[in-house]
Amino acid sequence: MIHVYNTLTHQKEIFKSIQPNLITMYVCGPTIYNYIHIGNARSAIAFDTIRRYFEFRGYEVNYVSNFTDVDDKIINRAHEEGVSEATITEKYAQAFENDTLPLNIKPATVRSKATEVIPDIISFVSELIAKGYAYEADGDVYFRARQFKGYGILAHQDLNELEAGASGRLDPEELAKKEDALDFAVWKSENRPGVISWDSPWGNGRPGWHIECSVMAQKYLGNTIDVHGGGIDLAFPHHTNEIAQSEARTGQTFVHYWLHNGFVNINDEKMSKSLGNFITLHDMLERYDDPMTIRYLLSTTQYRRPINYSEDTLTQARVELDRIRTAYRNLHFRMKDSKDGRNEAVESDINEYKKQFIAAMDDDFNTQNALAAIFELIALANTYSEAAIIQRDTAMLLLETMTALMQVFGIETLMPVEQLTVEQQSLLEQRVIARQNKDFSESDRIRDILKLQDIIVEDTAQGQRWHKA
RNA sequence: GGUGAUGUAGCCAAGUGGUAAGGCAGCGGUCUGCAAAACCGCCAUCGCGGGUUCGACUCUCGUCAUCACCUCCA
């Protein structure tokens, strides 16, 4: 049974989907005015991993996410560069696809842009007005936050404190239009020439930020969904407002389980532009040659915990992942001389570790404990690789189990296809002969040559094996 | 000021009312012609100070420190 920590109730709850084998899941996507940063990547990976685990447990997952492609940052950026908003958003939407591919993030079932659901947004807003939850003010439409019973519960904010805390940070012009400082825009008037806008019952304008997620979730998943995810910073105000809008409109519970991922720190500091430690995924992929290590680091930390990103943590992730890969590769090598049959004792251990893995992941996706189970499996594989005799069925089961469990973390290629040149092939053959003749100086010479070409040669009881460095 | 987190070995990181998983690094062995890989062993008393308890790292009170959120930042 899966348990998840629900931000709404502040506790772990038994997970039960609305439909028996289907999970509806909405995850807030990025605003596409730049390359996504490592924090966006963490969020995408965290929820991709959660999705993969649901799938591993036999659920079908209907995963919907958005691109925010209309907002101030985009408009400003377009203005600065003298291009249209669409030029900016198309570029970075494409970059998102390109950059998340090497991280093995599954595409959403539906990924929609805000601008693709404008008619839905307009009718959603109209309904809110009709129900008395929203009002028009000089071309803007605001939601009456206080009118929605339970506003602020998600983020555990007291309404009066909110107002006090926000004082001095509110746009006075906007404040003047609002009935209450807590009210938030669901539609904003926009009459500047050359700036993207749509015709609406309230004049030219564009959607407020929060409305797109409510609309898309409802449009693609229904009035009540199983899981809604995003960064912890979105709990307030973004998700708080989503709940208010959605539930005001339908009178039904919007989301059963609110899941929020923790932040990424850079060298123990918050990542921010002002600190100059802002890292985009795009840059990382260019600088670092092993994207799976990035995925490993980002997906094996429990999703609610902060991740400290640094050269050290990345290096450590690389070493850990390599240990898993090496075990896989070495066991795979042993398959060559495996015998028919199976080893009951080893298979029983395999199943035991698999159970441990499941128990860990069932506990709010406790990836660290799940990883501990994987390392038990690795030790088992290493020991079994060294055994005098290994049986084909058991070795296969071990390899398949390692693959299946790592797949939950999104690490799918434990053994990359590695090609040798004809010369390298020939050198390996010469080395076998040299060793047969006990000509160790020659065999060492060849080993050194290959090493310079990043081919690592190892001698085992079953003969010579090699891999790329 | 309000709200919510976190503080466990050199590093990453689990966990629990009964004397601390796992990984990395380190040290010592085994195996190997040498090496590599691997295996075995060693390596912490849980921020600080009270309290409750037969017993706390785990409960409670206080304290210190770090961090996040409090109107558009994942």
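Keep in mind that the numbers below use all heavy atoms, side chains included, and drop hydrogens, waters and symmetry copies.
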Specify whether [X] and [Y] have parallel, tilted or perpendicular ring planes, treating 30° as the upper limit for parallel and 60° as the lower limit for perpendicular.
| X | Y | result |
| --- | --- | --- |
| His228(A) | His239(A) | perpendicular |
| His238(A) | His210(A) | tilted |
| Tyr142(A) | Tyr135(A) | tilted |

Nearest to the [X] side chain among [options], which nucleotide is it?
| X | options | value |
| --- | --- | --- |
| Lys73(A) | C73(B), C69(B), G22(B) | C73(B) |
| Lys178(A) | G22(B), U71(B), A13(B) | U71(B) |
| Ala181(A) | U71(B), G22(B), A74(B) | U71(B) |
| Thr31(A) | A74(B), A13(B), G22(B) | A74(B) |
| Val319(A) | G22(B), C24(B), C69(B) | C24(B) |

Side chain to side chain donor-acceptor pair (under 3.5 Å) partner of Tyr296(A), the single match among Glu320(A), Gln316(A), Arg318(A): Glu320(A)
Given the [atom1] atoms of [N] and [M], what is the spacing between them in whole Å?
| N | M | atom1 | value |
| --- | --- | --- | --- |
| U66(B) | U60(B) | P | 24 Å |
| U32(B) | C27(B) | P | 23 Å |
| U71(B) | C57(B) | P | 41 Å |
| A65(B) | C59(B) | C1' | 23 Å |
| G62(B) | G22(B) | P | 36 Å |
| C48(B) | A56(B) | C1' | 16 Å |
| C24(B) | C39(B) | P | 9 Å |
| A5(B) | G41(B) | C1' | 39 Å |

Rounded distance in Å - [atom1] ([X]) to [atom2] ([N]):
| X | N | atom1 | atom2 | answer |
| --- | --- | --- | --- | --- |
| Gln302(A) | A5(B) | CD | P | 14 Å |
| Phe375(A) | G23(B) | CZ | C1' | 5 Å |
| Ile378(A) | G23(B) | CD1 | P | 11 Å |
| His260(A) | C73(B) | NE2 | C1' | 13 Å |

Any strand is fair game: report the nucleotide pairing with [N] by Watson-Crick or G-U wobble, both distances under 3.5 Å, or none.
| N | answer |
| --- | --- |
| G28(B) | C40(B) |
| U58(B) | none |
| U3(B) | A68(B) |
| C34(B) | none |
| U53(B) | none |

Contact nearer the 5' end of RNA chain B, comparing Thr383(A) with Lys188(A): Thr383(A)
Which residue lies more 5' along RNA chain B, comparing Pro306(A) with Ala155(A) via nearest heavy atoms: Ala155(A)
Looking only at side-chain N and O atoms, does [Y] offer a donor or acceptor that is under 3.5 Å from a partner on [X]?
| X | Y | value |
| --- | --- | --- |
| Gln94(A) | Asn98(A) | yes |
| Gln464(A) | Arg431(A) | yes |
| His79(A) | Asn76(A) | no |
| Asp69(A) | Tyr92(A) | no |

May I ask you to say what [X] touches in the nucleic acid, namely base, sugar-phosphate or nothing, with a heavy-atom cut-off under 4.0 Å?
| X | result |
| --- | --- |
| Ala379(A) | sugar-phosphate |
| Leu234(A) | sugar-phosphate |
| His37(A) | base |
| Lys451(A) | nothing |
| Gly262(A) | base |

Phosphate OP1/OP2 of C24(B): any Arg323(A) side-chain N/O under 4.0 Å: yes
N/O (side chain, Asn366(A)) to phosphate O (OP1/OP2, G15(B)) under 4.0 Å: yes
Ile389(A) atom CD1: more than 12 heavy-atom contacts under 6.0 Å: no
Arg206(A) vs Asp72(A), salt bridge (charged side-chain N to carboxylate O under 4.0 Å, His left out): CA-CA, chis, key distance, verdict: CA-CA 11 Å; Arg206(A) 57 187 170 93; Asp72(A) 288 336; 2.6 Å; yes
Gap between atom CD of Glu429(A) and atom CD1 of Ile446(A) - 0.5 Å precision: 10.5 Å
Interface residues of residues 310-317 of chain A with RNA chain B (non-hydrogen, below 4.0 angstrom): Gln316(A)
Geometric cation-pi criterion, Arg249(A) with Tyr133(A): 6.0 Å, 45°: no
Grab the N/O contacts between the protein and nucleotides 33-37 of chain B below 3.5 Å, and write none if there aren't any.
unit_1 : atom_1 : unit_2    : atom_2 : d
G33(B) : N7     : Arg435(A) : NH1    : 3.4
G33(B) : O6     : Arg435(A) : NH1    : 2.6
G33(B) : N1     : Asp444(A) : OD1    : 3.0
G33(B) : N1     : Asp444(A) : OD2    : 3.4
G33(B) : N2     : Asp444(A) : OD2    : 2.6
C34(B) : O2     : Arg447(A) : NH2    : 2.6
C34(B) : N3     : Arg447(A) : NH1    : 3.0
C34(B) : N3     : Arg447(A) : NH2    : 3.4
C34(B) : N4     : Asp459(A) : OD2    : 3.2
A35(B) : N6     : Asp459(A) : O      : 2.7
A35(B) : N1     : Asp459(A) : N      : 2.9
A35(B) : N3     : Arg447(A) : NH1    : 3.1
A36(B) : O2'    : Glu458(A) : OE2    : 2.8
A37(B) : O2'    : Asn330(A) : ND2    : 2.6

